[in-house]
Undergrad: 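I am attaching a structure below and will ask some questions about it afterwards.
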Amino acid sequence: MTGKRFSPAAIGTALLALFVAAFLVGCGQDMRISPAEKKALTKDERMDWWRDARFGMFVHWGLYAVPAGTYQGRRVNGIGEWIMNSAQIPVAEYEKYAAQFNPIAFDADEWVRIAKNAGMKYIVITSKHHDGFCLWDSKVTEYDIMDATPFKRDILAELAKACKKHKIKLCFYHSIMDWHHPDAQAPFYPNYNDTSKSNPNFARYVEEYMKPQLAELVANYGPLGVMWFDGEWIKDWTEPQGKALYAWLLELQPDLIVNNRVGKGRQGMEGLNKSDDEYAGDFGTPEQQVPATGLPGVDWETCMTMNDTWGFKSYDENWKSDEQLIRTLVETASKGGNFLLNVGPTPEGLIPQPSVERLAAMGKWMAVNSESIYGTTASPIGKPDWGYCTAKGNKLYLHVFDWPADGKLAVGLPNASASGAYLLAHKKAKLAVVTDDSKLVVSVPPQAPDAIDSVVVLTLNAK
Ligand code: FHN
């Protein structure tokens with residue numbers, strides 16, 4: 001049987017394709033997978049790394065860091081990144097902040113190291129917030145870091161490089177609402193967030209501006225972990241549009257994850273995605289709170305500020321404590337969710353020192369206890385009196401906030417049997433476990449190894 005014969009033209013085309021591919025790889029180009037090679041992945045396949053990660057860094061950074069909560073000498077109420085709307089700043093006036101935005105202290109590698117050392121596995125940064133300013137070199141607009149500021153460096157490209165180096169997933173927040181674009185909400189001034197209003201040209205904004213920018217972000221800074229949408233509540237955006245955008249993005253990058261704010265999922269179910277066919281998006285997005293019982297049956301992520309603002313405000317010193325932050329991470333994981341904790345960098349490009357200190361404290365705790373967070377699932381025993389519980393395989397991770405004075409840690413697991421127990425902080429010291437019908441009791445040492453959360457590992461004889 002003779003082999004298939006190829007025409008000289010076919011051989012030439014194949015050789016040319018090989019040369020181009022080799023050239024691109026040689027230039028360190030990220031070879032885009034061709035449409036023929038793209039294959040649909042199951043949701044579980046796409047979500048696998050995200051479910052394992054459990055803990056990420058949110059970064060709200062843009063022109064709003066320049067006024068930092070103050071306009072015309074007056075402190076402006078509300079979250080820092082909303083100052084354009086809160087202070088009713090005209091577009092032409094707000095644009096002037098671009099000429100002042102020169103974050104010469106910005107060091108992407110330092111930001112990524114701070115996140116990684118905290119135990120965070122992914123970073124979600126505002127590519128464009130509601131104010132419309134773009135932190136990357138967009139070919140679709142000059143209202144971006146390269147053309148409108150003295151800084152003239154592609155922030156997202158530098159962050160992408162640092163994330164790749166430190167094996168942290170790079171993800172982008174992107175606002176559907178856009179207070180700067182004439183075909184979006186700019187004409188609604190002075191209340192850019194007027195949800196009673198509609199822009200007759202919004203479809204043009206979506207097709208000729210927003211989607212080309214999203215294509216840039218996926219093509220030039222990816223492969224991305226998550227596209228994290230926001231600003232979806234506007235009148236001009238609908239769930240069918242969200243579903244279409246979701247499908248379009250997965251065509252561009254088949255393993256991309258997209259949150260439920262690509263459509264109306266947040267409004268529809270209080271952040272809960274009832275099911276894939278209900279609302280577009282892969283996970284629910286409760287904000288500034290951990291739902292009482294989590295969001296059973298779906299993937300979800302609580303996003304939260306460390307003080308009271310997402311974007312930098314020079315006078316917001318209402319910082320959550322190390323204890324509050326560590327215990328919120330634990331509570332979120334114990335209910336089966338991810339924790340996306342925010343930093344709001346300064347106009348100079350620095351993560352505020354109080355944030356750096358709290359992330360270092362979280363990293364110190366995670367260095368000992370991350371096994372009880374990464375890849376865990378929700379507690380099978382509800383919420384015990386003394387703290388929280390996470391699970392993985394046949395292990396229960398007992399997060400003890402209130403250490404038992406009598407040295408007896410009771411675990412409500414009727415008719416269960418355990419093969420052993422130990423402290424994550426002192427794995428070699430085996431702890432005695434006795435059982436009775438209604439519970440297991442672990443004998444623990446008089447001193448808790450960690451004042452904020454001491455983890456006892458209980459190995460069960462069955463999952
Ligand atoms: O309006 C935004 C707000 O500025 C911030 O980005 C949060 C973060 O999730 N999302 C919106 C409010 O829900």
Side-chain angles (χ1 to χ4, degrees), residues 55-69 71 76-89 94 97 120 122-135 171-181 184-186 188 191-195 210 226-237 242 257-273 279 281-291 295 299-313 316 320 328 332 337-345 355:
F55 189 26
M57 177 185 271
F58 213 169
V59 183
H60 276 70
W61 199 36
L63 296 190
Y64 36 80
V66 175
Y71 180 63
V76 178
N77 288 333
I79 42 187
E81 69 284 2
W82 270 67
I83 193 165
M84 181 177 169
N85 193 64
S86 309
Q88 298 188 340
I89 305 173
Y94 188 83
Y97 288 125
M120 294 163 152
Y122 59 106
I123 292 176
V124 181
I125 184 168
T126 48
S127 57
K128 182 198 80 170
H129 203 266
H130 310 330
D131 64 354
F133 183 72
C134 304
L135 288 191
C171 313
F172 291 149
Y173 165 113
H174 200 79
S175 179
I176 296 165
M177 177 162 72
D178 189 314
W179 299 337
H180 181 267
H181 201 287
Q185 285 70 41
F188 300 175
N191 178 11
Y192 300 104
N193 187 43
D194 186 336
T195 51
M210 186 174 84
V226 177
M227 192 58 88
W228 209 99
F229 285 98
D230 204 13
E232 80 289 352
W233 57 83
I234 53 175
K235 184 175 181 182
D236 284 323
W237 191 251
I257 295 173
V258 182
N259 72 343
N260 69 340
R261 299 185 190 183
V262 68
K264 297 292 195 178
R266 171 169 54 155
Q267 283 76 12
M269 301 293 294
E270 294 310 311
L272 169 63
N273 268 9
Y279 287 102
D282 298 308
F283 61 90
T285 51
E287 183 172 311
Q288 298 287 37
Q289 47 104 6
V290 182
L295 299 178
D299 292 293
W300 59 277
E301 170 194 76
T302 277
C303 57
M304 191 174 282
T305 54
M306 264 194 231
N307 49 10
D308 292 328
T309 179
W310 304 92
F312 181 66
K313 285 183 87 172
D316 181 335
K320 296 175 179 71
T328 303
T332 307
N338 281 23
F339 186 41
L340 186 65
L341 182 57
N342 184 73
V343 296
S355 297

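Counting starts at 1 for both ligands and their atoms, following the listed order. What you see is a predicted model; the values in this text were computed from it and never measured. The residues of the chain are indexed from 1 along the displayed sequence.
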Undergrad: Is any side-chain N of the basic residue among Arg266 and Glu232 closer than 4.0 Å to the acidic one's carboxylate O?
TA: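 Yes.
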Undergrad: As a test of reading the model: which residues have a non-hydrogen atom less than 4.0 Å away from ligand 1?
TA: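 Contacting ligand 1 under 4.0 Å are Phe58, His60, Ile79, Glu81, Trp82, His129, His130, Tyr173, Trp228, Asp230, Trp233, Arg261, Arg266, Glu287, Cys303, Trp310.
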Undergrad: Between Trp237 and Lys264, what is the shortest heavy-atom contact and its length?
TA: O-CE, 2.7 Å
Undergrad: Verify whether the ring centers belonging to Phe133 and His180 lie closer than 6.0 Å.
TA: no
Undergrad: Between Trp82 and Trp179, is the ring centroid distance below 6.0 Å?
TA: yes
Undergrad: Examine Trp228 together with His174 and report whether their ring centres are nearer than 6.0 Å.
TA: no
Undergrad: Any donor-acceptor pair under 3.5 Å linking the side chain of Thr309 with the backbone of Gly80?
TA: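 Such a contact is found between Thr309 side chain and Gly80 backbone.
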